[in-house]
Amino acid sequence: MALDFSSIEAKWQNAWDRARVNEAEPVPDKPKFFMIFAYPGVTGYMHVGHMRGYTVSDAIVRYKRMTGHNVLFPVGTHATGNGAISFARRVERGDPSAVEVLRANGCSDETLSKLTDPLEVVRFFNQVYLNDYWKRFGFMSDWSRFTSTINPDYSRFIEWQMLKLSAAGLLIQKPYYAPACVEHGPVAIDASETDISKGGSAEVLEYTLLKFDLPDGRKLVAATLRPETVFGLTNFWVNPSVEYVNAKVGTETWVVSLPAADKLRLQMDSVEVGEGAEGAALIGRSCVAPLTGKSIPIFPSELCDPDVGTGLVMSVPSDAPVDWIGLVELRKDEGARKRFGITDGMLDSAAPIAIIDTPGYGPLPALEVSERMGVTSLEDPKLEEATKEVYKTGFHKGVMNDSCGEFAGWQVERAKDAVRDRMLEQGTASMFYDLSEEVLCRCGQKVLVKKIPDQWFIDYANPSLKERSKEHALTMNILPREYHDNIQNVLEWYRERACVRLGNWLGTRFPLDTRWIVEAIADSTLYPIYYIVSKYVNAGRISAEGMNEAFFDHVLLGKGSCSDVASETGFDEATLLSIQEEFDYWYPLDINLGGKEHMTVHFPVFLMNHVGLLRPQHWPRGIIVNWYITAIGGKISKSKGGAQPIPDAAERFGVDSMRLFYAHIASLYVDVAWEDEKVESYRDRLERLWTLVSDLMAFDEERPSDLDAWLRARLQTRLGRVQGHMEQYDVRSYANDVYFEMPQDFRWYLRRGGASRSVLREALKVWTQLMTPVTPHLAEEIWERLDGPPFVSTSLIQRADETQEVASEEANERLVSTLMDDIAEILKVTEIRPSRIVLMTAPRWKRDMQSKALSSAGEVDIGGLIKDAMAAAPAEARKEIPAFAKAVALETRRASEDERSRSAVYVDELAALQRAKAFLEKEFGCEVLLFSADDPARVDPKGRAKQARPMRPAVFVE
RNA sequence: GCGAGGGUAGCCAAGCUCGGUCAAAGGCGACAGACUCAAGAUCUGUUCUCGAAGGAGUCCCCCGGUUCAAAUCCGGGCCCUCGCACCA
C-alpha cells in the first residue's frame, strides 16, 4: 500500500464535509468545549509559519471531541483597517509586492483585475484562508459560522459593543497626538510599513518647548527632551544660515524654524506664520531663560537643524557633550567671534554649571566623557556615543544638586516631569511632539504629528475594571505559565487606548459620532461571542437590519422580553430563544489561542472587554500563546508576501506531515526556524509508520502469549500519559509519545514473539485514535481498514486504566530489556562472542532486604538490615551482607518517589526470565542458562553470582 | 530605557515549575550490523572520555553559593531574542 497524501486528504475532507461532522449544535448535558484562534488580518497571503497556531488549535479541539466534548471551533477573518485598501492600491499601480505575489500563488488575470477594489480583496482572501489554508489542512471547524469584521452584521455587533462601553462609563475623550499624512490623515507607523513608504521605525518623541524672552518681547523657542537641565543653561544656539520665522501663537510671537512652525500649526490652535526672522541678527544678543530668569548670550551653531525640534537649541555644556564641544570650538573660531561680536567675557559667562550628581562621574560629566573619549570636534562621530552615555546615566541614576533650587536632591527622572509641569503652569513652556526620523506616506507626502483634540479612548486605566480583570486572569488557564504571571503586569501597565480613528479605513462607523471608524483592536475583543450569532445570519434566519441594541441586549445580556424584542427586530421568537440558549450553552470561551504579538495587544483588551461588559459567568477561561515558525534569517512578514504558497507546501510535503511538524518540532513557546528538510523528515516518519501499521494489519496469526498482557498494559500507560499531556494542552509531548514512543511498543511486542492478531488490532485501534488529532487523514485511512465506518474522528478514546497489574506487566519487560542492555555492555567491553550466557537472579535475602529498606519511613537502619539478613541468609552468603546492606541503604536514601514505587512492584524474576529464555537465546545467538544466585547447581566459575541485585540478575558469559 | 524570554552533547530540541529515576527524552546527521545480487528503503545497535564484566571519570554559557545531592534552587557576570500601544 503506497501512501498518496494528497488523495487521502481530499478523500477524507470530502467525507467529513458530507457527513457534516464539523457542525456544532448545543447538546444539553454534554460538556462543551469552545475554542478559537485569534483571527488573522486580511492583508495578503500567509506563510507556512502561520499555520502553526491554527494547526495546534485544531489538534486540541479534535482531541477534545474524541474525549467526549461537544466542540465549537469557528473561524473568521479580521478585515478592519487599511490592509486591504493598501493591497488594492498596490494592485492598481502594478506594485510587484502585490501583483507578482498574486501570480506566484496562481491568481488568474481576471481575478487580479478585480482586486483593485478593497472589498474584493477581502472577499478574495477570505476565500483563500478558508479553502486553501484551513479546509486544506483538514480543520474540523464549523464553517457555517464564518464571519469577517467588515460584514454589515458584524458592524451591528461592534456598534452595540461601543454603546455598551459608553454606557459602562468606559469611553472617554481627550486630546491625542498621532502621526498623520498631511494629505490622507492618520497613518500607522510600524515596521511592516503598510501605510507608509519610509520611516517604519520612527517613534513619536515628547519634547518640551522652553520659551526664552528676547528684549523685544518675542520668544526664542527651544525644544528639549530634558527640561530639567534648564538649571544648567549657559547660552543659546542659533544657526546663522537658517531662516527663522516669527509665528504668532495665541498672544505670543515665537521665533522658530519654518518647518517647526508648520508642525506647530498641526498641534496648536491659532498658529499664524508671519515674516521671516534672520537667525544671524539674533546672535551676540541675549535672552532670558524660563524658570530661572537668567540672562544668557546667544551664540552661533551650524548644528541646529531646522527639521529637528524648533531648529533652535538651548545649551547645557555640563551634561551635553555637543554643547561643551560647541563652546570649545567657538572660543577658537576667531572669524565667527569677530563676525558676531562674541567677547571673551561672554564666553566666560557661559562656563558649564554643575547641576546633576551622576554616579561614577565628577560634577561636569560632559567634559569628562569628551576628554576620556578624546572628542575635540563637532565632526567627531564619537560625539553621539558620548552624548548617549552621559544622557543615559545622568537621566536614570542622577540626582539634581544644590544649584537646582527647590528640585535639589530629586531623582532626575522625577525632576524631569516636575520641572516641566512647573514651567507649563507658568506658561513658560509648551508640549510638542515630533517624529524621531522622517516618515513619508504611501502618497509621498510627509507624515507629521497632528493633534486630535477630541480623540475617543477606551478607559483601560479604570481601576475597578483593571482590578477585576487582574483577579480573573489569576483564575484563568493561561499558557505558557510565564505569561499567566506576566499578564498581571501587562494589565497593570495598560492605560487608555484610542479606539476610533479618522481617515479612509475599512471598519465600523462609531455610533456616537459617525465621522470616526472603530479602530482595529477595539473591534476585535468580544468577538468570540459573535460566532454564536453569525451562524443565524449566514443561515438567513436573521439579518443586519434588525440587529439593534435591544437584540444584542436580549440574546447576550438576557435583557428584555422575547416577544418585545421579536416585534422590535422582526425576528421570530423561536430564533431569538435559540440564539440565547446557544449563547448560554457555549459561552464562556474555553481557549483563545494567538501569536505572541498578542500578549500586550489583543489578549489584555479581549479580557478586559469581557470583564467590563459581560456577566462573570461569561468571562473567558483560557489563553494559549504560540511563538513563531520563522524563516532562516528572520521572521517572515505576511504583508511582504510569502515564500512558498501554503497549498504548494501542502502538496509537496503532505498536510499530515506539516501538521506533525507543527505539533512536534518544538515547544509551542519557542520560535523555530522553518526548514524543508525537517518537514520532509516528518513525512518520512509518517511513511515508516504507515509501513509498520500495514505490517501489523497484515499479521494473521492468533497465538496468545505472555506478551499480550504486556502490550495491553503498555497501552494503558501510554493512554494515561497522553491524557495527562493533553490536559495541559501539551500537544508536543502528546505527539512525541504517539509518534515516537508508541511504535517502539509494537516493535518490541513482535520482536519478543507476541503473535496475537486480535490483541494487535485492539491496540492498533487505540493508537490510531491517538493519531487522529495530529494526523487525521492518515488516521482515517488506517481506521477504514481496521474498523470501517464511521470516522475515527468521531470515535471516543477510552480513559486510561492504570492498575497494579499494569505496573507488574511492565516491570517484567523492564527486567528483560535492562538485562539485555547489561549483557550488551559486557559483550561490548570484553569483545566476547558468547557461546553461553548464564543468568543468576538475586537471592531471596537481597530482595527482602531491599523491600525492607524501601518500606522504612525515615532513616534506614543498616544494623537492623544486616541482623535480619544474617538470620535469613545461608551461611555462605554472610560475608556479602554488610557491603550489600550499605549499598541498599545508600540507594534507598537517594531514591525518588517514582523509583520507590517502581521497586515496590514484585516480580518473580526467575519465572519472567524463564519465559524470555528462548527470546534471549535468539537475540544473542547462544545458549542461555538460568539459576537463582543461591542455587547450588548454578554454573558460575568466576563467582559472578555475588553481583546479582533485585531486578539486575548476575551475568556470566563465556 | 521599561517589560518579558532564552543560552543543554555534531545540529535541532525536551528536561528546569516539584533538586535525587540525568551521561541528560526524541529527532536529524554519522558509524556498525541484519535484510538484499546491489543500491535505496526498512529494522537493530552505537554515537563525551576511559574500561577484557554490566563500571568509573568529566559534563548542561562563565564564576560563586545553598545542599548528603544541582542542568534544575540562590547571587553575580557575559551573550542572544522579542514586545513597548492605535500595528493586525
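In what follows, chains carry the letters A, B, and so on, assigned in the order in which the sequence lines appear, proteins first and then strands, with residues in each chain numbered from 1.
Side-chain contact between A:Leu474 and A:Gln488 is present, with heavy atoms from C-beta onward closer than 4.5 Å.
Annotation: B:A13 and B:U67 have their C1' atoms spaced 30 Å apart (nearest Å).
Using a 4.0 Å heavy-atom criterion, one finds that A:Pro834 contacts no nucleic acid atom at all. A:Phe395 comes within contact range of no nucleotide atom at all, as no heavy-atom separation falls under 4.0 Å. Nucleic acid contact class of A:Lys942 (heavy atoms, under 4.0 Å, all strands): none. Residue A:Arg944 is in base contact, counting any heavy-atom pair closer than 4.0 Å across all strands shown. No engagement by A:Leu827 is indicated, since no non-hydrogen atom pair under 4.0 Å with the nucleic acid exists.
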Polar atom pairs (N or O), protein with nucleotides 41-43 of chain B, under 3.5 Å:
residue : atom : partner  : partner atom : Å
B:U42   : OP1  : A:Arg688 : NE           : 2.7
B:C43   : OP1  : A:Arg747 : NH2          : 2.7

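Ranking B:U17, B:G6, B:C87 by closeness to the A:Arg481 side chain, first place goes to B:U17.
In this pair, A:Trp493 lays its aromatic ring flat on the base of B:A85, centres within 5.5 Å and planes under 30 degrees apart.
Atom pair A:Phe661:CZ and B:A13:P shows a separation of 11 Å (rounding to whole Å applied).
On a pure distance criterion of 3.5 Å, no polar donor-acceptor pair joins the side chain of A:Glu923 and the base of B:G45.
For B:G27, neither phosphate oxygen OP1 nor OP2 lies less than 4.0 angstrom from any side-chain nitrogen or oxygen of A:Arg732.
The partner of B:G29 is B:U47, by the rule that a Watson-Crick or G-U pair needs both atom distances under 3.5 Å.
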